[in-house]
Amino acid sequence: MGGTSLQFLLTLILLSLCMKPTIADYLGLADTHLGCKEHERQALLKIKQDLIDDHSLLSSWSSDQDCCTWSRVGCSNQTGHVTKLDLSVSSCFSPRLLREFIASLSNLGHLGLGSANFGRNIPFPFQLGNLSNLQYLDLSGNNFNKPENLEWLPQLSSLEYLDMSIVNLSKVNNWLHVVNKLPYLTSLHLYSCNLPNIFSIPLVNSSTSLDVLGLSNNDLTSSSSILEWLFNSNTSVVDLDLRFNEFQGSIPDDFTRINSLAHLYLDSNEFEGEIPKAFGGMCNLKTLSLSWNYLNGQLDFIQNLTECANHSLEVLRLDGNQIMGSLPDDLTTFLSLGELSLFRNHLNGTIPVSLGKLSNLEFLYLGDNPLKGVISEAHFSNLTQLKYLDLSNTKLVFNFSSDWSPPFQLDTIMMKSCQLGPRFPKWLQTQKNFHWLDIF
Ligand SMILES: *[C@@H]1O[C@H](CO)[C@@H](O)[C@H](O)[C@H]1NC(C)=O
Ligand SMILES: *[C@@H]1O[C@H](CO)[C@@H](O)[C@H](O)[C@H]1NC(C)=O
Ligand SMILES: *[C@@H]1O[C@H](CO)[C@@H](O)[C@H](O)[C@H]1NC(C)=O
Ligand SMILES: *[C@@H]1O[C@H](CO)[C@@H](O)[C@H](O)[C@H]1NC(C)=O
Ligand SMILES: *[C@@H]1O[C@H](CO)[C@@H](O)[C@H](O)[C@H]1NC(C)=O
Ligand SMILES: *[C@@H]1O[C@H](CO)[C@@H](O)[C@H](O)[C@H]1NC(C)=O
Ligand SMILES: *[C@@H]1O[C@H](CO)[C@@H](O)[C@H](O)[C@H]1NC(C)=O
Ligand SMILES: *[C@@H]1O[C@H](CO)[C@@H](O)[C@H](O)[C@H]1NC(C)=O
Ligand SMILES: *[C@@H]1O[C@H](CO)[C@@H](O)[C@H](O)[C@H]1NC(C)=O
Ligand SMILES: *[C@@H]1O[C@H](CO)[C@@H](O)[C@H](O)[C@H]1NC(C)=O
């Protein structure tokens with residue numbers, strides 16, 4: 001790669017880092033008739049003075065313009081007050097001034113300070129307590145100095161969305177009790193926070209309003225009270241992410257007590273034993289993602305899942321477990337299935353021809369299994385949406401007619417160490433779009 005194209009690539013990466021999706025929200029929000037309030041414009045200009053704008057993110061912030069037209073700023077239609085401010089991925093604040101001027105934007109509803117590089121000298125608790133209209137707060141990716149408590153948080157009583165991912169909260173032993181005091185919280189993101197385990201359950205309040213709960217990569221264990229809290233709080237969580245923790249033992253049947261659950265991610269824990277047949281009771285299930293655990297047994301639970309999730313299930317991921325046996329015929333009951341990932345298990349049976357009916361399937365990962373039997377065009381007859389195919393390192397015998405024209409165009413074809421037949425598989429020549437091919 002030449003120097004220029006490398007530079008171009010770096011620019012692209014930097015640009016994409018800076019373009020958090022939220023920025024788009026502000027474009028076109030401004031109402032030029034109302035214009036912005038002078039004291040708020042001054043506060044914003046002081047914030048700008050106070051930070052090193054390496055990437056010229058705030059170049060539109062100039063003193064002779066209506067601040068409602070500036071990038072990363074949004075104003076209310078009705079009042080003209082600044083209600084949105086996004087300083088994510090900017091650099092080097094002086095914490096004292098930031099605190100002062102943000103406090104003067106008392107109408108803020110949306111504050112984005114993700115990866116804002118506060119530097120280690122910013123003291124916690126961070127005084128945002130006066131922003132009682134705040135509904136959206138992103139403080140993720142900041143290296144705050146010793147956040148020892150979050151007692152300021154309940155003062156933000158309107159908060160609906162909170163992201164403090166990648167902030168070290170290892171000293172905040174009552175984090176669950178604190179967030180539980182936010183009555184309108186619907187979306188909580190605490191990824192990679194070194195969260196301490198919780199050993200007592202708070203009285204239930206906000207947990208019932210949570211839709212999205214992300215607690216991945218926190219070393220949470222089964223001996224803590226986290227799961228007990230979830231199962232007993234009558235929560236209506238829809239999207240639950242507990243990946244990359246240290247939960248052990250069998251996957252509790254009690255997940256079925258969360259009737260609302262649509263997306264369950266338990267990947268990369270230490271769960272063992274069979275997948276609960278009781279999951280058949282989860283009628284809203286769209287994603288069941290249990291990869292990289294120590295799960296064993298066969299795929300029998302699928303029969304139970306067909307009883308209720310037969311129209312909803314879109315993603316089934318069990319990669320990196322120890323599951324044995326064959327793929328069941330029942331899979332075809334999941335009319336919406338878009339991803340079937342069973343990569344690296346001990347599946348030693350056959351693949352049913354009925355698999356070819358899954359007309360919404362885009363991702364099919366069956367590689368690294370001692371699967372056997374013959375695989376023919378019938379297995380793919382209706383897989384018109386298929387984009388990613390992995391059949392590597394199986395014992396499957398391929399038997400395709402030489403003039404087969406597949407119904408799909410693949411992006412990725414992985415068939416390493418497969419018995420592709422005595423002649424070169426001619427159907428590969430029909431594939432025009434792939435980015436990745438591995439057949440050796
Ligand atoms: C602002 O006004 C536009 C059109 O006038 C409207 O679609 C939008 O919902 C309003 N936004 C708010 C927050 O009131
Ligand atoms: C918070 O609001 C109160 C009353 O509106 C005001 O007296 C106080 O100075 C504010 N605090 C900050 C940090 O702005
Ligand atoms: C988080 O903070 C604790 C205590 O301050 C410290 O021991 C630990 O190393 C920190 N973790 C990371 C990943 O920085
Ligand atoms: C739960 O919310 C109610 C009002 O919404 C409040 O009075 C009560 O103190 C809260 N309980 C806890 C444990 O935070
Ligand atoms: C659980 O939540 C539902 C719906 O939000 C409500 O009708 C029911 O009374 C709650 N049950 C308990 C025990 O709080
Ligand atoms: C699972 O399905 C089998 C066969 O339909 C049924 O006998 C069994 O009771 C189901 N188990 C649960 C926990 O629903
Ligand atoms: C699929 O789900 C419907 C309810 O949505 C149910 O009536 C039907 O029996 C299910 N089909 C199978 C094959 O389990
Ligand atoms: C799959 O492996 C299990 C355990 O090794 C064995 O009992 C079973 O017979 C095998 N099934 C097939 C179809 O080879
Ligand atoms: C293939 O899918 C189409 C629609 O997606 C459906 O109408 C047709 O019956 C399917 N054919 C087979 C053999 O499953
Ligand atoms: C391969 O397919 C042909 C025609 O579909 C069939 O006659 C033959 O028996 C198949 N071979 C194997 C090993 O299944």
Side-chain angles (χ1 to χ4, degrees), residues 227 231 249-261 264 266 271-285 288 290 293-313 316 318-335 337 342-357 366-383 391 393-407 415 417-428 430 439:
L227 293 181
F231 299 150
S250 310
I251 296 180
D253 284 0
D254 287 333
F255 280 106
T256 60
R257 290 167 66 179
I258 312 175
N259 290 323
S260 46
L261 209 54
L264 177 60
L266 300 176
F271 284 119
E272 57 192 34
E274 301 196 7
I275 298 164
K277 295 196 169 65
F279 279 11
M282 291 208 267
C283 296
N284 296 309
L285 203 60
L288 182 60
L290 309 175
N293 280 286
Y294 304 106
L295 300 168
N296 55 34
Q298 304 212 1
L299 293 170
D300 330 18
F301 76 98
I302 284 180
Q303 191 185 354
N304 296 72
L305 268 190
T306 60
E307 286 163 22
C308 198
N310 57 359
H311 294 292
S312 62
L313 196 72
L316 179 61
L318 303 172
D319 312 290
N321 283 290
Q322 297 160 7
I323 293 166
M324 286 188 309
S326 302
L327 295 185
D329 250 336
D330 301 338
L331 275 172
T332 55
T333 352
F334 301 116
L335 302 172
L337 199 65
L342 300 170
F343 167 81
R344 197 163 297 172
N345 274 286
H346 299 166
L347 292 166
N348 59 351
T350 54
I351 301 179
V353 170
S354 58
L355 188 81
K357 290 185 190 162
L366 299 176
D368 279 21
N369 278 295
L371 283 162
K372 53 195 178 199
V374 176
I375 190 157
S376 65
E377 44 225 74
H379 287 91
F380 298 97
S381 58
N382 225 359
L383 302 189
L391 299 172
N393 302 317
T394 58
K395 295 177 180 165
L396 296 165
V397 175
F398 285 62
N399 187 14
F400 295 103
S401 69
S402 58
D403 58 354
W404 180 47
S405 176
M415 300 198 299
S417 310
C418 285
Q419 301 177 42
L420 293 176
R423 276 164 310 198
F424 183 80
K426 261 179 96 181
W427 66 268
L428 282 176
T430 66
I439 54 172

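When a ligand or atom number is given, it counts from 1 through the structure's own listing order. All residue numbers in this chain count up from 1 along the given sequence.
Residue contact check for ligand 6: G280 places no non-hydrogen atom closer than 4.0 Å to it. Residue contact check for ligand 8: K372 places a non-hydrogen atom closer than 4.0 Å to it.
Contacts with ligand 8 closer than 4.0 Å are made by side-chain heavy atoms of M324 only, the backbone lying farther away.
Comparing N304, L305, I302 by heavy-atom distance to atom 11 (N) of ligand 6, the nearest is N304.
When distances from atom 7 (O) of ligand 6 to the protein are checked, no heavy atom turns up under 4.0 Å. Checking atom 2 (O) of ligand 6 against the protein gives a heavy-atom contact under 4.0 Å. Atom 14 (O) of ligand 10 is flagged as protein-proximal [any protein heavy atom, distance under 4.0 Å].
Atom 10 (C) of ligand 10 has N399 ND2, 2.2 Å as its closest protein atom, hydrogens excluded (heavy atom only). Nearest protein heavy-atom neighbour of atom 4 (C) of ligand 6: Q303 NE2, 4.0 Å.
Listed by atom number, the atoms of ligand 6 under 4.0 Å from E307 heavy atoms are 2 (O), 5 (O). The contact set between ligand 10 and V374, taken as ligand atoms under 4.0 Å from a residue heavy atom, comprises 14 (O).
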Criterion side-chain contact (heavy atoms from CB on, under 4.5 Å) on F279 and L288, from CA distance to verdict:
CA-CA 10 Å; F279 279 11; L288 182 60; 3.8 Å; yes
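In this structure, F400 and W404 have parallel ring planes: the angle between them is below the 30° cut-off, well short of the 60° mark.
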